[in-house]
Amino acid sequence: MTTANFPLPVPNLDNQEFWDQCRQHRLVLRRCLDCRSFCHPPRPNCPECASSNLEWVESPGKGKVYTYVITRQPVNPAFRERLPWGVVEVEMEEGVHLISNLVDCDADDIEIGMEVEVVFEAVNDEITLPKFRRVGQ
Amino acid sequence: MSTLKDKCAIVGVGETVYNRDSGRTELNMAVEAANRAIADAGLVPQDIDGIVKFTADSTPQGELAACLGIPYLRYYGELGPLGGAACGLVIQSAMAVAQGVVNNVLVYRSVNGRSGQRYGSGTVTTRRGLGSSAFTEPYGLLVPGQSSALRARRHMHEFGTKMEHFGAVAVAFRNNACLNPKAIMHGRPITMEDYLTSRMFFDPLHILDCALEADGANAFVITSAERAANLKHAPVYITSAAQTLLAGMDGHGRSWDESGGALLAPELFGEAGVTPQDIDVVGFYDHFSPVIITKLEDYGFCQRGEGGPFVERGRIEVGGELPVNTSGGHLSEAYLQGMNQIIEVVRQLRGQSPAQVEGAELGLVDSGDGSGALILRR
């Protein structure tokens with residue numbers, strides 16, 4: 001699978017660590033050292049308490065499909081040759097939600113509640129995307 | 001607290017035709033809609049001393065002023081992001097009028113949304129992997145319909161909402177559009193079977209769930225209640241107004257009650273001193289039909305999770321218990337980013353809609369995902 005035609009992440013100083021760790025096949029999430037809540041996407045401050053005292057925590061990478069959408073028409077040139085295209089919203093054990101794709105599951109087989117775990121897909125030397133596969137398959 | 005309650009009114013409305021290939025510039029269409037709105041108010045262009053625009057609109061206020069013969073503006077402003085600005089621009093204008101900063105403000109929207117840049121294809125809305133889009137777009141979450149479908153699919157899962165409920169919205173708005181000669185889909189009614197067999201775009205959304213990208217322009221004029229009393233038509237007063245900008249625009253993982261409409265509804269109804277049961281006609285920003293179901297819940301027209309059954313059996317059609325988007329809305333009139341809903345509710349409250357709701361006195365309109373809302377009264 002390739003995502004070459006979709007926009008690639010443009011890392012910035014607030015999230016560079018996330019992408020650096022993905023390259024090492026580690027999923028890291030932001031956690032507030034003051035209120036202990038996780039947040040995503042990475043920002044300079046905690047959206048719960050506004051603290052700037054945040055740490056990066058390695059995630060076990062486990063979650064469940066919270067919802068999904070299957071794109072079936074080439075509404076954008078990037079979808080050509082890759083329909084039907086499934087996008088999942090994964091609710092991680094930490095509580096945060098990640099948008100991603102399932103690598104081992106046909107779009108039409110996606111179901112809400114499916115247990116999934118992170119895998120890593122290198123797009124180029126700089127960018128590795130965290131994606132998900134079904135657990136126990 | 002000082003509020004905007006009934007201090008200002010919408011006094012003139014104007015539209016171009018809606019079509020799929022205008023063959024005109026957005027400036028050219030904006031001028032026509034503006035002149036129509038100003039004339040409808042019983043004003044002349046030189047009475048307009050303020051103009052506000054959508055950030056997304058290509059037509060600068062100064063260019064529009066030049067084409068209207070207005071030498072300079074005393075007040076100008078704009079509001080983003082993207083499409084959800086219409087009600088917020090009303091609020092911005094009304095605040096300036098109520099403070100005496102400006103007398104008569106023109107609000108406009110002009111877009112070649114079909115022949116030019118199409119919102120539905122993502123060309124307007126993608127952020128090319130910058131900022132938080134780095135965490136969504138690389139996965140092919142690129143166009144607004146996909147995001148709406150994510151919420152719709154979850155609503156189905158939690159509350160048992162069915163595709164037929166989305167279809168009931170699409171059919172109802174099409175029926176409404178068939179009463180409105182200006183609607184692009186006038187004369188083209190659909191059945192539930194047509195809906196269910198139409199092409200699936202963003203599963204679970206069919207093409208008939210999606211806003212009808214269109215070319216066209218809308219404009220209206222806001223003035224003080226005092227000046228409004230002496231103009232051409234009965235004023236439509238801005239009885240209450242509220243905006244919401246949610247922290248983080250992505251919305252993934254937010255609870256149902258953390259939606260724009262649900263957050264602003266208490267203030268909106270409280271300021272007006274009315275309840276949802278008092279509302280005669282509604283104009284919801286319907287970029288996709290499932291949002292009608294969640295908005296009916298957000299604004300308290302029904303309980304959370306009951307929006308699907310609520311829209312059945314023509315309840316939201318003209319002649320139903322709660323007529324919504326009586327012009328056909330974005331789904332079947334034209335996608336003018338919430339402006340055409342405001343214009344239609346103004347017409348309803350004046351008694352001038354081709355799909356008139358008998359005795360309509362109180363209307364509710366909103367923009368975006370509840371990014372702004374108004375209660376209007378005659």
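Chain identifiers are assigned alphabetically (A, B, ...) following the order of the sequence lines, protein sequences preceding nucleic acid strands; residue numbering begins at 1 within each chain. Predicted, not measured: the structure shown is a model, and the values here were computed from it.
- Closest approach of P7(A) and G129(B) over heavy atoms only: CB-N, 3.8 Å.
- W85(A) places no side-chain N or O within donor-acceptor distance of the main-chain N or O of L141(B), the cut-off being under 3.5 Å.
- Here Q146(B) is the residue among R128(B), R118(B), Q146(B), R199(B) with the most heavy-atom pairs under 4.5 Å with chain A.
- With chain A as the partner, the residue from G140(B), P204(B), A149(B) showing the most heavy-atom pairs under 4.5 Å is G140(B).
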When the side chains of residues 155-163 of chain B are checked against the rest of the protein, which donor-acceptor pairs come out under 3.5 Å, sequence neighbours left out?
from    : atom 1 : to      : atom 2 : distance (Å)
H155(B) : ND1    : T161(B) : OG1    : 2.6
H155(B) : NE2    : E297(B) : OE1    : 3.2
H155(B) : NE2    : E297(B) : OE2    : 2.9
E158(B) : OE1    : W256(B) : NE1    : 3.1
E158(B) : OE2    : R154(B) : NE     : 2.8
E158(B) : OE2    : R154(B) : NH2    : 3.4
E158(B) : OE2    : W256(B) : NE1    : 3.4

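- Distance check: Y139(B) OH to E121(A) CD gives 9.0 Å after rounding to the nearest 0.5 Å.
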| task | Could you please spell out the steps behind the side-chain contact (heavy atoms from CB on, under 4.5 Å) verdict for F201(B) and V75(A)? | result | CA-CA 8 Å; F201(B) 260 60; V75(A) 292; 3.4 Å; yes
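- R174(B) is linked by a side chain to side chain donor-acceptor pair (under 3.5 Å) to S332(B), counting only residues two or more places apart in sequence or in another chain.
- Listed options P130(A), G95(A), P11(A) were ranked by heavy-atom pairs under 4.5 angstrom with chain B; first place goes to P130(A).
- If you tally non-hydrogen atom pairs under 4.5 Å between each of D14(A), I99(A), V88(A) and chain B, the highest count goes to I99(A).
- Residues P138(B) and L129(A) come closest through the heavy atom pair CB-CD2, 3.8 Å.
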Would you be so kind as to tabulate the donor-acceptor pairs closer than 3.5 Å made by side chains of residues 107-116 of chain A, with sequence neighbours excluded?
from    : atom 1 : to     : atom 2 : distance (Å)
D108(A) : OD1    : R72(A) : NH1    : 3.3
D108(A) : OD1    : R72(A) : NH2    : 2.5

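- Ranked by heavy-atom pairs shorter than 4.5 Å toward chain A, the options D203(B), V143(B), L142(B), L130(B) are led by D203(B).
- Chain B is approached within less than 4.5 Å, heavy atom to heavy atom, by Y66(A), T67(A), Y68(A), V69(A) from residues 56-69 of chain A, ordered by number.
- F135(B) approaches P42(A) most closely through the heavy-atom pair CZ-CD, 3.3 Å.
- Shown here is E193(B), whose CD atom has no more than 12 heavy atoms of other residues, nucleotides or ligands within 6.0 Å.
- For the pair I70(A)/F202(B), no side-chain contact is recorded, criterion being any heavy-atom separation below 4.5 Å from C-beta on.
- Other residues, nucleotides and ligands contribute at most 12 non-hydrogen atoms within 6.0 Å of the CG atom of D125(A).
- Atom CZ of R133(A) has 12 or fewer neighbouring heavy atoms from other residues, nucleotides or ligands inside a 6.0 Å radius.
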